[in-house]
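Below is one structure, written out as structure tokens; the observations come after it.
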Amino acid sequence: MTLLNGLTRMSGATGGSGETLAIRGGRPLRGRVDVKGAKNLVTKAMVAALLGETPSILRDVPGISDVAVVRSLLEVHGVRVTDGDEEGTFHLDPSDVESAHMEEIDAHAGASRIPILFCGPLLHRLGQAFIPDLGGCRIGDRPIDFHLDALRKFGAAVEKLPSGIRLSAPSGLRGANIHLPYPSVGATEQVLLTAVRAEGVTELRNAAIEPEIMDLIAVLQKMGAIISYEPNRVILIEGVDRLFGYEHRAVFDRNEAASWASAALATDGEIFVGGARQPEMLTFLNVLRKVGGDFEIREDGILFRRGGDLKPVTVETDVHPGFMTDWQQPLIVALTQAHGESVVHETVYENRFGFTSALVKMGADIVVHPHGLQDGPRRVPRRNLEQAAVITGPTPLVGADITVPDLRGGYSHVIAALTATGASTVHNVGIISRGYEKFFSKLTALGADFDVLD
Ligand code: UD1
């Protein structure tokens, strides 16, 4: 059985393929959910396996559709991926890596942006790579200019075709000095995955330093890479001739953990998130405490609940160690129940408040300022793409007919429907399986009242 099968196990729920949910809200979510490895690490660690001369073993792989996409992309490139005995373990054997046809890559890439990270490893293994037009959540333009600029600095030739991008490096790749215009997570990973086997030293400035990136560095070091980091977002990579397989247990998914924490607050429930750890969640926990949330750090996870009435808060999303952009959507559902006016500044993406219109339809008082708000001193300089949402609460939410726009927004819709009194119909929930493993089973375990309609 492949991991993706985990997606379709819907204990307690009735019905078909899982695109539409009928939700009867108003019940607190109570119970335990367990989180596995981070989507934002696992998919990259799978790509890293391409760089090894021997097989790799990755543990705590979640059964989410983004993982299934990367698995099939690896397979079309000749990597043998097999499930280990322990649930959530992948064996990745890259000994027969080969070029894939454009059509095959295109057919398997789906909506994922991960194919861009195949560039460096494929250039090292095969001297060429093809990247189809990229998808990902519809939360802005999500360009790849930083990636392509970095690859050119390593010596790759980049050719744009109508169907995608072809890259070649017939005479190999050389270390480079790269300064990212913004600490992009994906571009930092691109540089890491390319520099580890490039000839000479790479100095990366203004790098992203998310916990998932630190875990990817740990994976690469296990493979034989030499990577060090200095204060102020500087990463140094000394290229090596050969890399080998790794054995690694992925860092937990702090985004999923934060999502369930916000769900506990929104529904006034109590959720224990098994596998969640404090160090990677410090910033989130600080905000949770300011909002009036309560948490108990235990050895095997974190318990989340309200500590009294919810209070308003002002947060700005930012790169790590700031408040992560993926955390704001579930939090906003909880903020609709806080007493007063909260402000969320979105500084990372230009279009990440689209999901709030469904919350407004359910009775929330949320005003989105598409060009942001100038409201006093800020920790980080404003970016042009900034938006702000002002949430005034508490407002009772009532059930509605709503359609999921993207991954985190979709999760928020479901949580809003569970917070609301009355019945909701939530369409397009399939997209949530990109990032939340066994989503329906977990909702059932927490006492959610819902049916799967189609
Ligand atoms: C990753 C995460 C996503 C998270 C985001 C920011 C994965 C699979 N996804 O996405 O969950 O929300 O980091 O923490 O790990 N940019 C450019 N040019 C580029 C690349 C990025 O302008 O070439 C801009 C983007 O438009 C955005 C910002 O940089 O405004 C951040 O993007 P980035 O950090 O690259 O996000 P992802 O790696 O795509």
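As the structure lists them, so they are numbered: ligands from 1, and atoms in each ligand from 1. It should be emphasised that the depicted structure is a prediction, and the values quoted were computed from it without experimental measurement.
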Check whether any heavy atom of [X] sits under 4.0 Å from an atom of ligand 1.
{"X": "Gln190", "answer": "no"}
{"X": "Glu350", "answer": "no"}
{"X": "Ala208", "answer": "no"}

*Is it the side chain (CB and beyond), the backbone, both or neither of Val185 that lies under 4.0 Å from ligand 1, heavy atoms counted?*
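Both backbone and side chain.
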Report the part of Glu189 in contact with ligand 1, treating N, CA, C, O as backbone and CB onward as side chain, heavy atoms under 4.0 Å; options are side chain, backbone, both, neither.
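No part of Glu189 comes within reach of ligand 1.
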Enumerate the atoms of ligand 1 whose separation from the nearest heavy atom of [X] is less than 4.0 angstrom.
{"X": "Tyr182", "result": "28 (C), 29 (O), 31 (C)"}
{"X": "Arg352", "result": "12 (O)"}
{"X": "Lys39", "result": "8 (C)"}

For this session: Indicate yes or no: does an N/O atom of Asn255 lie under 3.5 Å from an N/O atom of ligand 1?
Result: no
Looking only at distance, does Lys44 have an N or O less than 3.5 Å from an N or O of ligand 1?
yes
Run down the list [options] and name the one with the heavy atom closest to [atom].
{"atom": "atom 4 (C) of ligand 1", "options": "Asp326, Val70, Asp145", "answer": "Asp326"}
{"atom": "atom 14 (O) of ligand 1", "options": "Met324, Gln328, Arg434, Arg383", "answer": "Met324"}
{"atom": "atom 27 (C) of ligand 1", "options": "Asn40, Val348, Leu385", "answer": "Val348"}

- request: Identify the residue among Lys36, Lys39, Arg249 that makes a salt bridge (charged side-chain N to carboxylate O under 4.0 Å, His left out) with Asp60.
  value: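 When Lys36, Lys39, Arg249 are each tested with Asp60, the salt bridge (charged side-chain N to carboxylate O under 4.0 Å, His left out) holds only for Arg249.
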Residues forming a ring-ring contact (aromatic ring centres under 6.0 Å, His included) with Phe284, sequence neighbours excluded: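 Only Trp327 meet the ring-ring contact (aromatic ring centres under 6.0 Å, His included) criterion with Phe284.
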Requested in this report: Assess the pair Phe439 and Tyr411: is the distance between their ring centroids shorter than 6.0 Å?
Outcome: yes
Would the Phe146 and Tyr182 ring centres measure less than 6.0 Å apart?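 Ring centroids of Phe146 and Tyr182 are no less than 6.0 Å from each other.
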What I want to check is whether the side chains of [X] and [Y] have a donor and an acceptor closer together than 3.5 Å.
{"X": "Tyr349", "Y": "Arg383", "value": "no"}
{"X": "Asp215", "Y": "His248", "value": "yes"}
{"X": "Glu346", "Y": "Thr325", "value": "yes"}

Does the Lys NZ or Arg CZ of Arg277 fall within the cation-pi geometry relative to Phe252 - under 6.0 Å from the ring centre and within 45° of the axis?
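Not satisfied by the 6.0 Å and 45° rule.
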